[in-house]
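One structure below.
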Protein chains: 2
Amino acid sequence: MTTITRLPHPAIEEVALTDVLFALSDPARLEIVRELADGPLSMAECGATNPALPKSTKSHLMKVLREAGIVRNEPDGRRRTVSLRRDELDAVFPGLLDSVLGATDR
Amino acid sequence: MTTITRLPHPAIEEVALTDVLFALSDPARLEIVRELADGPLSMAECGATNPALPKSTKSHLMKVLREAGIVRNEPDGRRRTVSLRRDELDAVFPGLLDSVLGATDR
DNA sequence: CCGATTGTTCAAGTATTATCGAACCATGAC
DNA sequence: GTCATGGTTCGATAATACTTGAACAATCGG
């Protein structure tokens with residue numbers, strides 16, 4: 001009885017730069033990443049901005065971030081904890097996340 | 001009689017981070033940016049990789065880069081010189097271009 | 001077990017992007 | 001002027017991506 005509570009994550013070595021850039025190129029996703037910069041959050045907690053966002057939409061945004069290797073999504077009781085894969089990304093794309101998070105968007 | 005040889009470029013202050021990230025998120029466009037890192041090129045010269053690329057396609061790729069504020073495209077005789085807006089981008093998004101260009105893509 | 005909570009996945013509709021031939025435009029060479 | 005060159009724009013089609021409701025899954029509390 002296949003329980004699939006654990007979602008697939010790419011190994012950091014097989015994460016493509018263009019996929020990372022693409023995932024970050026959407027304002028809603030970038031905002032989520034910014035929120036996660038301060039530490040892990042549950043799905044319910046993140047997306048504080050955008051409160052009216054349907055959960056299926058949020059789940060999909062997160063999927064793109066996860067598949068791009070930017071975020072980790074782990075089961076935690078009946079919720080899910082989402083966290084930035086910051087150290088891993090720094091190792092593979094040094095400075096990238098810092099410059100994106102440091103940018104004052106306009 | 002409206003001569004439109006001069007293409008529109010966004011002022012650097014009104015360039016959006018997400019637009020920059022999006023423009024860089026395409027492998028063909030990223031490759032062009034990498035080529036331009038060594039100095040300006042004419043349209044004909046860049047896209048050395050991808051030699052079979054139709055000119056209309058290349059022109060469109062360049063348009064996306066230009067409209068994102070990444071590249072400058074200026075008339076120069078009967079050709080066009082394309083150059084990276086590196087200093088400007090560094091000023092607005094410090095470290096971003098460096099980290100993207102420095103990344104060993106996979 | 002039952003119900004409420006927290007999410008994910010599916011499917012369908014919509015919207016955005018990519019691709020590329022054909023037409024067009026400016027320039028330089030002659 | 002005429003022609004070739006280098007490049008942009010237009011228009012149509014194909015391919016991706018976004019959004020969302022509805023169905024489903026897993027867990028916790030009582």
Side-chain angles (χ1 to χ4, degrees), chain A residues 1-9 16 18-32 35-36 40-68 70-83, chain B residues 1-9 16 18-32 35-36 40-68 70-83:
Chain A
M1 43 158 287
T2 54
T3 8
I4 26 89
T5 160
R6 203 140 221 125
L7 266 32
H9 294 75
T18 48
D19 289 346
V20 172
L21 295 174
F22 180 80
L24 295 174
S25 75
D26 177 72
R29 287 192 297 256
L30 181 55
E31 183 54 37
I32 290 175
E35 290 176 7
L36 290 172
L41 293 173
S42 67
M43 282 295 288
E45 289 166 330
C46 60
T49 20
N50 248 343
L53 198 66
K55 59 181 181 173
S56 58
T57 304
K58 200 200 305 189
S59 192
H60 178 256
L61 292 174
M62 207 57 89
K63 181 184 186 183
V64 174
L65 288 171
R66 172 172 50 83
E67 290 178 342
I70 297 175
V71 136
R72 203 172 279 287
N73 183 339
E74 291 176 307
D76 173 23
R78 81 180 118 179
R79 35 184 67 196
R80 281 169 179 282
T81 297
V82 183
S83 55
Chain B
M1 50 159 289
T2 53
T3 7
I4 27 91
T5 161
R6 204 141 220 123
L7 266 31
H9 293 76
T18 48
D19 288 346
V20 172
L21 294 174
F22 179 81
L24 296 174
S25 75
D26 177 73
R29 287 192 297 256
L30 181 54
E31 184 55 36
I32 290 175
E35 289 175 7
L36 290 172
L41 294 173
S42 68
M43 281 296 288
E45 289 165 330
C46 59
T49 19
N50 249 343
L53 199 66
K55 59 180 181 173
S56 60
T57 303
K58 199 203 302 193
S59 191
H60 178 255
L61 292 174
M62 207 57 89
K63 181 183 186 185
V64 174
L65 288 171
R66 172 172 52 82
E67 291 179 341
I70 296 176
V71 138
R72 203 172 282 285
N73 183 338
E74 292 176 306
D76 172 22
R78 82 181 117 179
R79 36 184 68 198
R80 278 166 181 284
T81 297
V82 183
S83 56

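Remember, it's a predicted structure, so these values are computed and weren't measured experimentally. A note on names: the letters A, B, ... follow the listed sequences, proteins ahead of strands, and every chain is numbered from 1.
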In this structure, how many angstroms lie between the P atom of D:dC28 and the CZ atom of A:Arg80, rounded? 13 Å

Look at A:Asn73 and C:dT8 and indicate whether a side-chain polar atom (N or O) is within less than 4.0 Å of OP1 or OP2. yes

Considering only side-chain heavy atoms of B:Arg79, which listed nucleotide, D:dT9, C:dT9, D:dG6, is closest? D:dG6

Please report, rounded to the nearest Å, how far the P atom of C:dT5 is from the CZ atom of A:Arg78. 8 Å

Check: A:Phe22 main-chain N/O paired with A:Ser25 side-chain donor or acceptor under 3.5 Å: yes

Out of D:dG29, D:dT9, C:dT8, minimum distance to the side chain of B:Leu7 belongs to D:dT9

If you define the side chain from C-beta out and look only at heavy atoms, does anything of B:Glu31 sit under 4.5 Å from B:Asn50? no

Rounded to whole Å, how long is the line connecting atom NZ of B:Lys58 with atom C1' of D:dG7? 10 Å

How long is the line joining CD of A:Glu67 and C1' of D:dA17, in whole Å? 13 Å

Between B:Lys58 (side chain only) and B:Leu53 (backbone N and O only), is there a donor and an acceptor less than 3.5 Å apart? no

For A:Arg6 and A:Pro75, indicate whether the former's side chain and the latter's backbone hold a donor-acceptor pair under 3.5 Å. no

Considering only side-chain heavy atoms of A:Pro54, which listed nucleotide, D:dT27, D:dG21, C:dG21, is closest? D:dG21

Could you tell me whether the side chain of A:Glu74 reaches within less than 4.5 Å of the side chain of A:Pro40, counting heavy atoms only? no

Hey, does the side chain of B:Arg79 reach the backbone of B:Met43 with a donor-acceptor pair shorter than 3.5 angstrom? no

Please state how far atom CE in A:Met62 lies from atom P in C:dG7, giving the value in whole angstrom units. 9 Å

Stepwise, does the side chain to side chain contact (heavy atoms under 4.5 Å, CB included) test hold for B:Lys63 with B:Asn73? CA-CA 9 Å; B:Lys63 181 183 186 185; B:Asn73 183 338; over 6 Å; no

Heavy-atom donor-acceptor pair, A:Arg29 side chain to A:Ala23 backbone, under 3.5 Å: yes

Side-chain N,O (B:Ser59) to OP1/OP2 (D:dT8) below 4.0 Å: yes

Could you tell me how far apart A:Leu53 (CG) and D:dG21 (C1') are, to the nearest whole angstrom? 14 Å

What's the closest nucleotide to the B:Ser56 side chain, out of C:dC20, C:dT8, C:dT27? C:dC20

Tell me: CE of A:Met43 to P of C:dG7, nearest whole Å? 6 Å

Side chains of B:Thr49 and B:Glu35: any donor to acceptor distance under 3.5 Å? yes

Quick one: bend of the helix from C:dC1-D:dG30 to C:dC30-D:dG1 from 5 pairs per end, to 10°? 30°

Rounded distance (Å) that lies between atom P of C:dA26 and atom CD of B:Glu74: 18 Å

Once base and sugar-phosphate atoms are separated, protein heavy atoms under 4.0 Å mark nucleotides 12-18 of chain C, 5' to 3', with B, S and - as -----SS

